[in-house]
Amino acid sequence: MAYFAKSPWVIHYDASSCNGCDIEVLAALCPGFDAERFGVINTGNPKHADIFLVTGSVNEQNISVVKEIYEQMLEPKVVVACGICACSGGIFHDCYNVIGGVDQAIPVDVYAPGCAVRPEAIIDAVVEAVGILEEKRAAMKNGKEA
């Protein structure tokens, strides 16, 4: 992992998951797996966040919330889909109210599949997201849209 200028702040949203992935996201942020060693800080404010971690599938009830959180985040921003439900709808993809994965609502930069996704995979996805975030920052600094 390369050097980065700012600690990445993440915001986590549960888009109707079974809570298995939510537990794993919190485990990844706790001292057992210690994502903070990479400077990752969990925040509840989208305006402070750089990385948007989403668990669960998108449906008619939460698609507007997912879009609103995404739109409130400042550029540059990166979206990580955590768990197979966030990636593709998972086992719920045929349900009448499920639209699909997070990419049906907002652009996704990193996919971390699994049921439930392992904390190690979440940390790997966040580290990959930090690299993408730095690329987007550099592109913005050079006057290009990423």
Side-chain angles (χ1 to χ4, degrees), residues 1-90 92 98-146:
M1 185 169 97
Y3 169 80
F4 48 95
K6 178 183 174 291
S7 292
W9 287 34
V10 301
I11 186 166
H12 167 240
Y13 178 71
D14 172 16
S16 73
S17 73
C18 69
N19 294 332
C21 291
D22 295 324
I23 292 168
E24 299 300 331
V25 167
L26 295 176
L29 296 173
C30 288
F33 291 94
D34 195 22
E36 285 189 6
R37 69 178 174 242
F38 301 113
V40 176
I41 299 169
N42 192 23
T43 183
N45 188 342
K47 291 180 176 32
H48 295 163
D50 303 304
I51 300 171
F52 187 15
L53 296 178
V54 186
T55 58
S57 56
V58 174
N59 60 41
E60 292 295 333
Q61 293 289 322
N62 65 23
I63 191 168
S64 61
V65 176
V66 171
K67 287 180 179 179
E68 186 174 337
I69 292 171
Y70 179 78
E71 290 167 3
Q72 287 179 3
M73 293 174 67
L74 303 176
E75 293 290 343
K77 55 191 166 191
V78 177
V79 177
V80 178
C82 294
I84 195 65
C85 291
C87 293
S88 66
F92 305 108
V98 173
I99 296 170
V102 178
D103 55 5
Q104 299 297 314
I106 57 176
V108 174
D109 299 292
V110 181
Y111 293 90
C115 186
V117 62
R118 301 286 310 208
E120 297 91 342
I122 295 168
I123 292 172
D124 287 345
V126 169
V127 169
E128 186 177 338
V130 167
I132 294 170
L133 188 64
E134 287 302 311
E135 289 173 11
K136 287 184 175 184
R137 245 187 220 131
M140 285 180 69
K141 188 175 183 180
N142 293 335
K144 302 173 189 167
E145 271 303 310

Main chain of Ala49, side chain of Lys77: is a donor-acceptor contact present, judged purely on distance under 3.5 Å? no
Side chains of Pro113 and Cys87: does their closest heavy-atom pair fall under 4.5 Å? yes
Provide the closest heavy-atom pair for Leu29 versus Ala35 in the form atom of the first, atom of the second, distance. CD2-CB, 4.1 Å
Side-chain donor/acceptor of Asp22 to backbone N/O of Val25, under 3.5 Å: no
Report the distance from atom CE of Met73 to atom CD1 of Ile106, rounding to the nearest 0.5 Å. 8.5 Å
Run the numbers on Trp9 and Ile51 for side-chain contact (heavy atoms from CB on, under 4.5 Å), then give the verdict. CA-CA 6 Å; Trp9 287 34; Ile51 300 171; over 6 Å; no
With a 4.5 Å cut-off on side-chain heavy atoms, are Val66 and Tyr13 touching? yes
Between Gly83 and Cys21, the two heavy atoms sitting closest are CA-SG, 3.7 Å
Over all heavy atoms of both residues, which pair between Gln104 and Ile99 is shortest? Give the atoms and the distance, please. CB-CG2, 3.9 Å
For the student: nearest non-hydrogen atoms of Thr55 and Ser17, plus distance: OG1-OG, 3.9 Å
Against Tyr70, only a single residue in Ile11, Val54, Val79 fulfils side-chain contact (heavy atoms from CB on, under 4.5 Å); can you say which? Val79
Enumerate the residue pairs fulfilling salt bridge (Lys or Arg N to Asp or Glu O under 4.0 Å) with a member in residues 26-36, sequence neighbours excluded, ordered by first and then second residue. none
Pair listing, side-chain hydrogen bond (donor to acceptor under 3.5 Å, both in side chains) test, anchored in residues 38-53, at least two apart: Lys6-Asp50
Taking C-beta and beyond as the side chain, do Ser57 and Ser16 meet within less than 4.5 Å on heavy atoms? yes
Are any non-hydrogen side-chain atoms of Val98 and Val58 less than 4.5 angstrom apart? no
Approximate separation, where rounding is to 0.5 Å, of Ile123 CD1 and Arg118 CZ: 11.0 Å
Please tell me if the side chains of Val126 and Leu53 come closer than 4.5 Å, counting only heavy atoms from C-beta onward. yes
Once salt bridge (Lys or Arg N to Asp or Glu O under 4.0 Å) is applied, do any residues pair with Asp109, and if so which ones, sequence neighbours excluded? Lys136
Nearest 0.5 Å, please: how far is CD1 in Ile23 from SG in Cys30? 11.5 Å
Is there side-chain contact between Phe52 and Val80, with at least one heavy-atom pair below 4.5 Å? no
side-chain hydrogen bond (donor to acceptor under 3.5 Å, both in side chains) contacts touching residues 122-131 (sequence neighbours left out): none
Side-chain (Asn62) to main-chain (Asn59) donor-acceptor, under 3.5 angstrom: yes
List the residues meeting side chain to side chain contact (heavy atoms under 4.5 Å, CB included) with Pro119, not counting sequence neighbours, and say none if there are none. Glu24, Ala27, Ala28, Phe33
Sequence-distant partners of Tyr111, side chain to side chain donor-acceptor pair (under 3.5 Å), two or more places apart: Asp103
Closest contact, heavy atoms only, Ala105 versus Lys67: O-CE, 3.7 Å
